[in-house]
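I have placed the structure first, in the form of structure tokens, so that the comments after it can refer back to it.
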Amino acid sequence: MAAAAARAAVALELEVAVPRDVILFRHERGPFFRLVGLFCVGQGCFWAGLAHFAFTALRPAPSPAPGPAPSADDPLRPRDHKWRLGFTASCLTLGSLIVAAGCVFPLRAVRRVTLLRGGAAVAISTHGPLGLGRGPSFTVPLHHVSCRAHRSEVPAMIPLKVKGRPFFFLLDKRGQLYNARLFDVTVGAYRKL
């Protein structure tokens with residue numbers, strides 16, 4: 001039994017030790033992420049414009065002349081500066097969060113995974129922020145990569161954890177796997193990081 005397990009481990013090491021770079025996964029979604037980036041920039045401009053309008057035009061009404069109580073002619077008109085500043089800050093925060101999401105999400109969507117010659121390292125390429133250009137590409141040792149779920153268990157995205165990097169990288173299941181067996185035993189394997 002132990003001899004069979006040892007033979008299987010040696011066979012697996014030989015299978016993983018590829019003689020040249022092998023592309024395991026590819027999913028080019030540049031136009032989609034450019035469209036998402038355009039939407040996020042548009043939303044950022046909209047919320048910045050609304051914040052500017054709120055800060056400049058929504059000033060409290062001047063104090064009325066002494067006399068009868070002022071009529072509530074405009075219930076949405078702010079009565080003090082706190083409302084105006086709070087609304088302005090809320091608009092700027094929301095716009096900033098949308099633009100930040102448009103920058104971060106493409107950086108987490110994997111464009112290509114390549115098993116490098118020898119099988120000891122993996123190159124991971126992502127899309128650029130806001131979908132503009134090619135994103136960063138980095139090389140990590142294979143034992144620093146862990147797939148948190150098997151590709152058959154997830155409906156849309158395969159979560160990939162890289163040691164020393166915050167958050168997960170996402171592999172879209174609509175992407176193309178060039179060598180499914182090799183993917184499963186290298187990048188697609190669960191490792192304790």
Side-chain angles (χ1 to χ4, degrees), residues 1-41 43 96-193:
M1 185 76 152
R7 281 194 305 271
V10 169
L12 182 62
E13 286 179 22
L14 290 175
E15 183 180 346
V16 171
V18 292
R20 59 182 168 79
D21 294 353
V22 176
I23 295 176
L24 297 176
F25 173 84
R26 179 183 291 180
H27 191 52
E28 299 289 339
R29 294 184 69 187
F32 170 75
F33 285 116
R34 279 192 294 276
L35 188 63
V36 168
L38 180 66
F39 170 77
C40 290
V41 168
Q43 283 290 305
S96 300
L97 287 174
I98 291 172
V99 171
C103 289
V104 170
F105 181 63
L107 291 173
R108 293 296 166 184
V110 175
R111 187 169 45 87
R112 182 179 317 148
V113 176
T114 307
L115 183 64
L116 300 179
R117 185 175 66 196
V122 176
I124 300 173
S125 302
T126 64
H127 296 276
L130 297 173
L132 301 174
R134 295 193 183 282
S137 180
F138 56 93
T139 303
V140 293
L142 185 60
H143 63 275
H144 285 183
V145 177
S146 176
C147 196
R148 294 301 170 134
H150 190 269
R151 59 189 168 87
S152 64
E153 297 172 351
V154 292
M157 297 279 194
I158 303 168
L160 187 69
K161 181 67 178 154
V162 177
K163 186 175 182 179
R165 304 260 177 168
F167 308 116
F168 286 93
F169 289 90
L170 301 173
L171 282 73
D172 196 331
K173 281 187 69 172
R174 289 178 287 185
Q176 186 174 6
L177 279 175
Y178 289 99
N179 189 337
R181 166 84 175 124
L182 190 58
F183 178 86
D184 288 341
V185 298
T186 56
V187 176
Y190 175 79
R191 294 176 184 84
K192 192 152 180 109
L193 299 178

A side-chain contact here means heavy atoms from C-beta on lying under 4.5 Å apart; do [X] and [Y] qualify?
X: V187; Y: F25; result: no
X: R108; Y: P166; result: yes
X: P106; Y: T126; result: no
X: L107; Y: P129; result: yes
X: L182; Y: V18; result: yes

Give a yes or no on whether [X] atom [atom1] has more than 12 heavy-atom contacts from other residues, nucleotides or ligands under 6.0 Å away.
X: Y190; atom1: OH; value: yes
X: K163; atom1: NZ; value: no
X: R117; atom1: CZ; value: no

Could you tell me the separation between the [atom1] atom of [X] and the [atom2] atom of [Y], rounded to the nearest 0.5 Å?
X: L171; Y: I124; atom1: CG; atom2: CD1; result: 8.0 Å
X: Q176; Y: L24; atom1: CD; atom2: CG; result: 12.0 Å
X: M157; Y: F168; atom1: CE; atom2: CZ; result: 14.0 Å
X: L97; Y: Q43; atom1: CG; atom2: CD; result: 12.0 Å
X: R151; Y: K173; atom1: CZ; atom2: NZ; result: 8.0 Å
X: I23; Y: L115; atom1: CD1; atom2: CG; result: 11.0 Å

Between [X] and [Y], what is the shortest heavy-atom contact and its length?
X: D172; Y: A156; value: OD1-O, 3.5 Å
X: I158; Y: A149; value: CG2-O, 3.9 Å
X: P159; Y: V154; value: CD-CG1, 4.2 Å
X: T139; Y: A121; value: CG2-CB, 3.9 Å

Counterpart residues, side chain to side chain contact (heavy atoms under 4.5 Å, CB included), relative to V36 (two or more places apart):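 By the side chain to side chain contact (heavy atoms under 4.5 Å, CB included) rule, V36 matches F32, C40.
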Just to verify, what does R134 make a side chain to side chain contact (heavy atoms under 4.5 Å, CB included) with, not counting sequence neighbours? E28, R111, R112
Would you list the pairs meeting ring pair (Phe, Tyr, Trp, His ring centres under 6.0 Å) in which at least one residue belongs to residues 113-157, sequence neighbours left out? F33-H127, F138-F169
